[in-house]
Amino acid sequence: MLNDIERVLISEQEIAEKVKELGQKITNDYKNEKLLIITILKGSVVFAADLLREIKMPVEIDFMCISSYGNDSKSSGVVKIVKDLNQPIEGVNVLVIEDILDSGNTLSHLTELLKTRNPKSIKIATLLDKPDRRVAEVEVTYKGFTIPDEFVVGYGLDYGEKYRNIPFVGVLKREVYEKE
Ligand code: IMP
Ligand code: MG
C-alpha cells in the first residue's frame, strides 16, 4: 500500500495540529448553539472522527453518503444521494464535513439541496482545498490545507476505494492511476 505513495504531503502531526485548531474555532463560533454535524461518507470519516473530538461542546451527528456520477479522479457535478440524513434539519445549525474540495461540484450541489430544507445556518468544513480545478463557487468557513493539483490519498481519501486507512495525506504515484 505505502509503495504506491510518491511522497507524504501532510504528515500525521501537521494534520493533528490543524484539526485541533479547527475544533477550537468551531467550538468558539457556535458556543452554546445547537449544532448538527453532517459527515459526508466515505472520505470524510477519518477527518470527522478526529475533528469531533476537538469540538468541546455538545453536538449531534448524522451522515450522508453521496456519490457523483463520473470516474474516480473527476466528478461530473451531478450528485446522487446514496444515504440521506435520518432527520429533518429545519431550523438547525448545520456543519457539513468534507474531505476535499476539488471542482466544487459536489459541495455546491449538496449545499443547494440542504438549503431547500431550511436549516437555520449551513457552513462547510473541509480538510483539503484544491483550488486549481474549481468550477463551482463554494464558501468554506473552516479549511485545513490548500494543496496543489495532485491526486492525494490517505486520511480517508481513496483511489478506487483503496488507501483510506493511511494515517497521513500522500501523493499517489502517477503510474498507479495511469496504468488503469
Ligand atoms: P468535487 O466535486 O470535484 O469538488 O470533488 C470532490 C470529491 O472528489 C471528493 O469528495 C473526493 O471524493 C474526490 N476527490 C477529488 N480530488 C481528490 C483527490 O486528490 N484524492 C481523492 N479524492 C479526490
Ligand atoms: Mg472518492
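Both ligands and their constituent atoms are indexed starting at 1 by order of listing. If you're wondering where the values come from, they're calculated on a predicted model, not measured in any experiment.
The only member of Ile55, Val94, Leu51 that meets side-chain contact (heavy atoms from CB on, under 4.5 Å) when paired with Ile37 is Ile55.
For Glu150, the side chain to side chain donor-acceptor pair (under 3.5 Å) partners are Arg7, not counting sequence neighbours. Partners of Lys120 under the side chain to side chain donor-acceptor pair (under 3.5 Å) rule, at least two apart in sequence or in another chain, are Glu33.
Numbered from 1 in the order shown, with element, the atoms of ligand 1 that lie under 4.0 Å from a heavy atom of Asn105 read 2 (O), 4 (O). Numbered from 1 in the order shown, with element, the atoms of ligand 1 that lie under 4.0 Å from a heavy atom of Glu150 read 19 (O). Of all atoms in ligand 1, listed by their number and element, those nearer than 4.0 Å to a heavy atom of Asp99 are 9 (C), 10 (O). Per-residue contacts place Leu157 under 4.0 angstrom from the following atoms of ligand 1 (heavy atoms of the residue considered): 20 (N), 21 (C), 22 (N). For ligand 1, the atoms sitting less than 4.0 Å from at least one non-hydrogen atom of Thr106 are 1 (P), 2 (O), 5 (O), 6 (C), numbered in the order shown with element in parentheses.
Under the 30°/60° scheme for interplanar angles, the aromatic rings of Tyr159 and Phe151 are found to stand perpendicular.
Between Arg164 and Glu161 a salt bridge is recorded (basic side-chain N to carboxylate O distance below 4.0 Å). Of the charged side-chain nitrogens involved, at least one lies within less than 4.0 Å of a carboxylate oxygen, so that Arg117 and Asp84 count as a salt-bridged pair.
At least one heavy atom of Val152 lies less than 4.0 angstrom from ligand 1. For the pair Gly43 and ligand 1, no heavy-atom separation below 4.0 Å is found. Using a 4.0 Å heavy-atom cutoff, Lys130 is listed among the residues neighbouring ligand 1.
The closest side-chain heavy-atom distance from Ile10 to Tyr155 is not below 4.5 Å. Looking at Thr27 and Glu54, their side chains never come closer than 4.5 Å, going by heavy atoms from C-beta outward.
Considering backbone and side-chain atoms alike, Val153 places every N or O at 3.5 Å or more from each N or O of ligand 1. Considering backbone and side-chain atoms alike, Ser103 places an N or O below 3.5 Å from some N or O of ligand 1.
Looking at Asp102, Ile100, Thr126 and measuring to atom 13 (C) of ligand 1, the nearest heavy atom belongs to Ile100.
Only the backbone of Asp158 comes within 4.0 Å of ligand 1, counting heavy atoms alone; no side-chain atom from C-beta on gets that close.
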